[in-house]
Protein chains: 2
Amino acid sequence: MKASAPGITLKTVAAKAGLGRSTVGLILNGRGDELGIPAETQAKVHKVAANLGYRPNSLALGLAGKKTQTIGLILPSGPFYPQNLMPQDISLRLHRRGYQTYLVDSLQDPDVMLESLKEMATRRVDGICFHMKLPIPPKVREALNQFPATVLISNIPIPRTDFRAHVIYLDMVPAIDDIVDHFVQTGRRRPMIVTSVNDAMTNLEKIGPFRDALRRQGLDASEEGTIFGVNAGIPRDSDYYTVFRDAFEAQRLEDRDFDALFCTCDEAAVAAIRYLTEKGRRVPDDVAVVGLNNTPMIQGYKPSIASISWNHVEAFDLIEARMVERLKKPDAVPGYDEAPLKFIRRESAG
Amino acid sequence: MKASAPGITLKTVAAKAGLGRSTVGLILNGRGDELGIPAETQAKVHKVAANLGYRPNSLALGLAGKKTQTIGLILPSGPFYPQNLMPQDISLRLHRRGYQTYLVDSLQDPDVMLESLKEMATRRVDGICFHMKLPIPPKVREALNQFPATVLISNIPIPRTDFRAHVIYLDMVPAIDDIVDHFVQTGRRRPMIVTSVNDAMTNLEKIGPFRDALRRQGLDASEEGTIFGVNAGIPRDSDYYTVFRDAFEAQRLEDRDFDALFCTCDEAAVAAIRYLTEKGRRVPDDVAVVGLNNTPMIQGYKPSIASISWNHVEAFDLIEARMVERLKKPDAVPGYDEAPLKFIRRESAG
DNA sequence: GTGAAAGCGCTAACAG
DNA sequence: CTGTTAGCGCTTTCAC
């Protein structure tokens, strides 16, 4: 008994059942009753098909104009929780809905996105799930619009003009405001943001709101005073902890003037706390530290680490639901959801 | 200028160029010179195609018997570093090699695997990258064998009999031996393994070698004495830290008799250290603790946490290389690689 | 040098 | 009730 499909076509089944291929096709597609085909014949066909392990060739189905039951997942890579759960999680959810998923790394590069979208079009995917952290170039938006169903996850607000996608906005601004408010209320006067310079493009959505918040509070919001740009490459093995720790040493974090630190990932926060402690600065007494992503393990630190949390389960639920909606009614007016992130206060923030 | 493919077919290009479709097809496939088609004609066709943004329909290509340039990634989901890097990483590597990838969560369930493999066959993938932590059921092996190229990543040794896949074995045994040796050499006498009971299936590859090592050292290797089974479900948001911490409280870890702990994930190690410390047990003085996965952040703990490390960059390199090899020469005799994990000693282990 | 024809596996009219 | 036909977009073989 050969494993399955390759070789076994409708023709094979038809021959074995002594019927025409289209008859068999119709029966296998459940349209037998509708056409008044005898139950016996149908049962026989089903049995033969099952015995042979028949499975329709997906490529042929797609070519013949049916849906491909395929969705493209175009996501930026990233080793950070909870974003690193996204490919498998969304993939699994859609799989349960009867879809297969292509996984593509957008690399946050518009050219790659454009190329990937073309490739997905070529493969006739039924929908696209697209995660974008930066403003969407017009060409990319245009390319997205060609798909029957698309769900867009964005870390920045999206102008809805002329956009066929359902948008889910992961809003970080309120959380950052809360952090700065907290800093001020607990007597901090010189907050600083720690961020990777090479990653600066993707961190604009954090730096901007942070400095806005400082300004609003009447604190120094100058670039020199508030940004600690970590000058290091993206580690090949995604060991951001080491990258940050090394950078703190190389760039002498301790020489800067600050009493509060907002780190753009929890790995940086862990590294900062350890480094500062070694240099004799107490956390949170001398320096308040807040991370980002709310990686579960940071709860176990001493001190436990404050962070920004993305309610990812809720967001994933939303993505799944919206995708299914769009798939069902591609012509419905696309909607807009907001999924605000939250500041989680813990010991390190004082 | 419409975005791309849908609508633009070979026919369109042929019409615009004033030629037959097959001629155009041949030219676009670079067989123009070979057939003695005038350079001018060829240039013109290429230009027309480019202007129209022509892209061959992948489904049609596949149907017509060409390779699909598609690979199925059948992986167990998992929130743990570095396994959580795998989907995106492998996907990106293969993408750079000109392939698109289907991502499928095997859920470590043979039925799901079988079903997924059939689905992949139906889609005529060129190859399969399969990660398996447990013994491979015969049916799954058989199903795997139907693909022209498959690379199998396994956490347990694989009998090579009659197997068309290239195998990459992630060997954890030496690392576990090293841990137990270390425990003994530093005077520990009652080591215990902490593992999720619901996950027990996937943890056999750790429990077995651990008890074997204890036995070899002449220590108690009884099930009751050496296994602390965490009785909790898999958290929906993958927050294993909380699951373990709560379980330690509920099951009163402190009542067990042990002086060394091998935790089957770093999250458990973090939780254990914090919990034990709160109960007045010092780490490593009273209890040695070792985690698993070498999550970067654990370096920043106080004490820094010992762990088992998988050289994942090397492993990913291997996966990519082997997959490309198999894709090129499906008929070559499949090979076998070993990628042993390593014990990384840090403060928590004493 | 270029076009016509068959076939990949399936669906969807349309006949019988 | 069942078989025939055309067509999806492409490759490939074979005539003109």
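Here is the naming used below: chain letters follow the sequence lines, and residue numbers restart at 1 for every chain.
Distances shorter than 4.0 Å separate none of the side-chain N or O atoms of Lys66(A) from OP1 or OP2 on dC8(D). A close approach under 4.0 Å does not occur between any side-chain nitrogen or oxygen of Ser22(B) and OP1 or OP2 of dG3(C). Considering only side-chain N and O atoms, Arg21(B) lies nowhere under 4.0 angstrom from the phosphate OP1 or OP2 of dA5(C).
Counting to the nearest Å, the P atom of dG3(C) and the NZ atom of Lys11(B) are 15 Å from each other. The separation between Leu26(A) atom CG and dT11(C) atom C1' is 8 Å, rounded to whole Å. In this structure, NZ of Lys67(B) is placed 15 Å from P of dT11(D), rounded to the nearest angstrom. Following rounding to the nearest Å, Ile37(B) (CD1) and dG3(C) (C1') show an atom-to-atom distance of 11 Å. We find that CD of Glu34(B) is positioned 15 Å from P of dG1(C), with the value rounded to whole Å. When rounded to the nearest whole Å, the span between CZ of Arg123(B) and C1' of dC10(C) equals 15 Å. Computed from coordinates, the Arg31(B) CZ to dG1(C) C1' distance equals 14 Å when rounded to whole Å. Between Ile8(B) atom CD1 and dC8(D) atom C1' there is a gap of 17 Å when expressed in whole angstrom units.
Here dT11(C) is the nucleotide among dC10(D), dT11(C), dT11(D) with the atom lying nearest to any side-chain atom of Leu10(A). Comparing atom distances between the Leu19(A) side chain and each of dA12(C), dG3(D), dG9(C) picks out dG3(D) as nearest. Counting only heavy atoms from C-beta on, Tyr54(A) has its side chain closest to dC10(C) among dT12(D), dT11(D), dC10(C). Relative to the side chain of Leu35(B), the nucleotides dC8(C), dT2(C), dC10(C) differ in distance, and dT2(C) lies closest. For Asn57(B), counting side-chain heavy atoms from C-beta on, the closest listed nucleotide (dG9(D), dA12(C), dT11(D)) is dG9(D). Side-chain proximity of Pro38(A) to the nucleotides dT2(C), dT2(D), dA12(C) is greatest for dT2(D). Checked against dG9(D), dT2(D), dC10(C), the side chain of Leu63(A) finds its nearest nucleotide in dG9(D). The side chain of Thr23(A) lies closest to dT2(D) when the candidates are dG9(C), dT2(D), dC10(C).
Counting only N and O atoms by type, the side chains of Arg124(B) and Ser58(A) include no donor and acceptor under 3.5 Å apart.
Within 6.0 Å of the CZ atom in Arg21(B), the count of heavy atoms belonging to other residues, nucleotides or ligands does not exceed 12.
Using a 4.5 Å cut-off on side-chain heavy atoms (C-beta onward), Thr68(B) and Tyr99(B) make no contact. Between Met120(A) and Phe147(A), some side-chain heavy-atom pair lies under the 4.5 Å cut-off.
Between Leu94(A) and the options Leu73(A), Thr70(A), Ile319(A), a side chain to side chain contact (heavy atoms under 4.5 Å, CB included) holds for only Leu73(A).
Of the residues near DNA chain C, Ala60(B) and Gly18(B), the one whose nearest nucleotide (by heavy atom distance) lies more toward the 5' end is Gly18(B).
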